[in-house]
Amino acid sequence: MQEKAANPPNRLPSDKLLLEHDVNLKPYNSFGLPAMAARLVRIHEAADVRRVVDHPLLGRAPKFVLGGGSNIVLTKDIDAVVLKLEIPGLRLLEEREDAWIIEAGAGVGWAHLVQWSIEQGYPGLENLALIPGTVGAAPVQNIGAYGLELQDRLESVDVVDLMTGRAACLPASVCNFGYRDSVFKQSGFGGLAGKSVITHVRMRCPKPWKPVLGYLELERKMEETGIHNPSARQIFDWVTAIRRAKLPDPALIGNAGSFFKNPVVTPEQCRDIIGRDPGIVHYPMPDGTLKLAAGWMIDACGWKGKAVGGAAVYERQALVLVNRNGQARGAEVVTLARAIQESVYGRFGIRLETEPVLL
Ligand SMILES: Cc1cc2nc3c(=O)[nH]c(=O)nc-3n(C[C@H](O)[C@H](O)[C@H](O)COP(=O)(O)OP(=O)(O)OC[C@H]3O[C@@H](n4cnc5c(N)ncnc54)[C@H](O)[C@@H]3O)c2cc1C
């Protein structure tokens, strides 16, 4: 799926930025969907964002921020100026009595950060192993897996405002995190969707380290192996193995991971659904609500393996839509997703929300 992208770049007057025209985005999205970017600028440092904002041609144009493209569905060519985040850098910023603070540039791969932190002896991120995409995008949807969410470990993020070019450091407390949600995804009052670029992220790995093991598949691993006090490295290896067995590798078959969020319902709604579908998989949440397994609902509606053109429901996990022949188009993915939403609504009365950003 990895193709060579891009046409010859032009140098912008600032002589610092590279502007590329008519860039093929197929290699830059994990679904492998075809789309062109009229203009693309690679962001190598926070100051590059300011240079774009100050630029006479680009400054006022709409912008789209692109990380690793593993949580987007491209349905058309992009007219907005694409800012492709490639800011490097990964270091232990500070060792405190209560935590290790790790700082990374927005362009660093998230999975690389987690592996590096384990190898360096800063445990705490192991449950989030192998999640694709960049560090800069991780706070946007508050990535989560195997009982841990980014918000449990985030210290702060650096952002640059896309209107003013001003930089700011936001502590985790103002990021308004929710399930696959944050201020960076919210567009209402105070929301920052489309308004700022995350340039650096600081993660807090608390001391003393405590394993996060409540998740069913990790409990199964403990039973299977007889290891009841796993190290961070052991949990990292288990999560990596579970993910490899369950999720399609985007390098082999295009996808954007879970396509729908697991719906959260009240106990009354859950009882009502259980009355009709006793087998429905659900998890109690700390606030008394219940999370329903969207993949189970999609499977119960008979979608596993079904396709619209090149877009299909993954055979092994109904929550994942895939580009089965490498030729899928964004419109096919959206048509399939809408049909799934309709049928789940028809049977369970629940509207599934999509997890990736549809463009
Ligand atoms: C196989 C697979 C498995 C996955 N598993 C999980 C999982 O377990 N848990 C989970 O939570 N997610 C999962 N995902 C989804 C995805 O990996 C995450 O959402 C990831 O954080 C997206 O990163 P990205 O760099 O690819 O973002 P993109 O897809 O490039 O962008 C996603 C959104 O973030 C915005 N954005 C990107 N970078 C920045 C930035 N620096 N500043 C501001 N906005 C930005 C974009 O504008 C866009 O709106 C999975 C995806 C795949 C393909």
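Every value quoted in this text rests on a predicted model; they were computed, and no experiment measured them. Ligands are counted one by one from 1 in listed order, and the atoms in each one are counted from 1 as well. Note that the numbering runs from 1 along the sequence shown for the chain.
- Judged by distance alone, with hydrogens and angles left aside, the side-chain atoms of S258 form no donor-acceptor pair with the main-chain N or O of F260 at under 3.5 Å.
- We find that E103 and R91 are joined by a salt bridge, their nearest charged nitrogen and carboxylate oxygen being less than 4.0 Å apart.
- Looking at ligand 1, you'll find an N or O of V65 within less than 3.5 Å of one of its N or O atoms.
- For ligand 1 and T134, the ligand atoms under 4.0 Å from any heavy atom of the residue are 23 (O), 24 (P), 25 (O).
- At least one donor-acceptor pair closer than 3.5 Å links the side chain of R153 to the backbone N or O of G124.
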*Start with the C-alpha gap between E155 and R96, add the side-chain angles, then the distance that decides, and say whether salt bridge (Lys or Arg N to Asp or Glu O under 4.0 Å) holds.*
CA-CA 13 Å; E155 178 79 359; R96 298 195 311 230; 3.2 Å; yes
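- Counting the atoms of ligand 1 from 1 in the order shown, those under 4.0 Å from a heavy atom of S196 are 43 (C).
- Of all atoms in ligand 1, listed by their number and element, those nearer than 4.0 Å to a heavy atom of G133 are 23 (O), 24 (P), 25 (O), 26 (O).
- For W110, no heavy-atom contact with ligand 1 is shorter than 4.0 Å.
- In this structure, atom 49 (O) of ligand 1 lies nearest to the protein heavy atom V357 CG2, 3.5 Å.
- Residue contacts with ligand 1, taken as heavy atom pairs separated by less than 4.0 Å, involve N255 via backbone and side-chain atoms alike.
- The heavy atom nearest to atom 50 (C) of ligand 1, out of those in S30, P132, A138, A129, is found in P132.
- Using a distance-only test at 3.5 Å, with no hydrogens or angles considered, no donor-acceptor pair links the side chain of K84 to the main chain of V82.
- Distance from atom 24 (P) of ligand 1 to its nearest protein heavy atom, with residue and atom name: G68 N, 3.4 Å.
- With hydrogens and angles disregarded, a donor-acceptor distance shorter than 3.5 Å links the side chain of R316 to the backbone of A245.
- Here's the thing with G67: one of its N/O atoms is less than 3.5 angstrom from an N/O atom of ligand 1.
- Side chain of N127 to backbone of V212: a donor-acceptor contact under 3.5 angstrom is found.
- Judged purely by atom type and a 3.5 angstrom limit, D237 has no side-chain atom pairing as donor or acceptor with the backbone of A241.
- Remark: ligand 1 atoms within the under-4.0 Å shell around heavy atoms of V197 are 42 (N).
- Remark: minimum distance from atom 12 (N) of ligand 1 to any protein heavy atom is reached at Q141 NE2, 3.1 Å.
- Of the protein's non-hydrogen atoms, V140 CG1, 3.6 Å is the one closest to atom 34 (O) of ligand 1.
- With a heavy-atom cut-off of 4.0 Å, S70 touches ligand 1 through backbone and side chain alike.
- Counting only heavy atoms of the protein, atom 14 (N) of ligand 1 lies nearest to I131 CG2, 4.2 Å.
- Short contacts between ligand 1 and G69, defined as distances under 4.0 Å to a heavy atom of the residue, involve ligand atoms 24 (P), 26 (O), 28 (P), 29 (O), 30 (O).
- At least one heavy atom of R180 sits less than 4.0 Å from an atom of ligand 1.
- Heavy atoms from both the backbone and the side chain of I72 come within less than 4.0 Å of ligand 1.
- Annotation: atom 27 (O) of ligand 1 to nearest protein heavy atom, A137 CB, 3.3 Å.
- Under a 4.0 Å N-O distance rule, the pair D277/R347 qualifies as a salt bridge.
- In this model, a donor atom of one side chain and an acceptor atom of the other lie less than 3.5 Å apart for Q186 and D181.
- Between the side chain of E223 and the backbone N or O of E219 there is no donor-acceptor pair closer than 3.5 Å.
- The contact set between ligand 1 and A145, taken as ligand atoms under 4.0 Å from a residue heavy atom, comprises 8 (O).
- Atom 52 (C) of ligand 1 has G257 N, 3.3 Å as its closest protein atom, hydrogens excluded (heavy atom only).
- Grouping the Ile, Leu, Val, Met, Phe, Trp and Tyr side chains by contacts below 4.5 angstrom, directly or via other members, places V135 with L150.
- Checked by atom type and distance alone, the side chain of N142 never pairs as donor or acceptor with a backbone atom of A138 at under 3.5 Å.
- When each atom of ligand 1 is checked for a heavy atom of L85 under 4.0 Å away, the hits are 41 (N).
- Remark: side-chain polar atoms of Q317 are paired, donor with acceptor, to backbone N or O of L319 under 3.5 angstrom.
- Note: an N/O pair closer than 3.5 Å links I198 and ligand 1 by distance alone.
- When ring centroids are compared, Y146 and W238 stay outside the 6.0 Å threshold.
- When atom types are taken as modelled, the side chain of Y179 and the backbone of N262 share a donor-acceptor pair closer than 3.5 angstrom.
- Both the backbone and the side chain of N71 come within 4.0 Å of ligand 1, counting heavy atoms alone.
- Within the structure, ligand 1 lacks F184 among the residues with a heavy atom less than 4.0 angstrom away.
- Using 4.0 Å as the threshold, A193 has no heavy atom nearer than that to any atom of ligand 1.
- Residues R180 and E353 have side chains not in contact (no heavy-atom distance under 4.5 Å, counting atoms from C-beta outward).
- Using a 4.0 Å cut-off between heavy atoms, R243 contacts ligand 1 through its side chain alone, with no backbone atom that close.
- Under 4.0 angstrom from ligand 1, the non-hydrogen atoms of I143 come from both its backbone and its side chain.
- In the vicinity of G144, heavy-atom distances shorter than 4.0 Å reach the ligand 1 atoms 7 (C), 8 (O), 9 (N), 10 (C), 11 (O).
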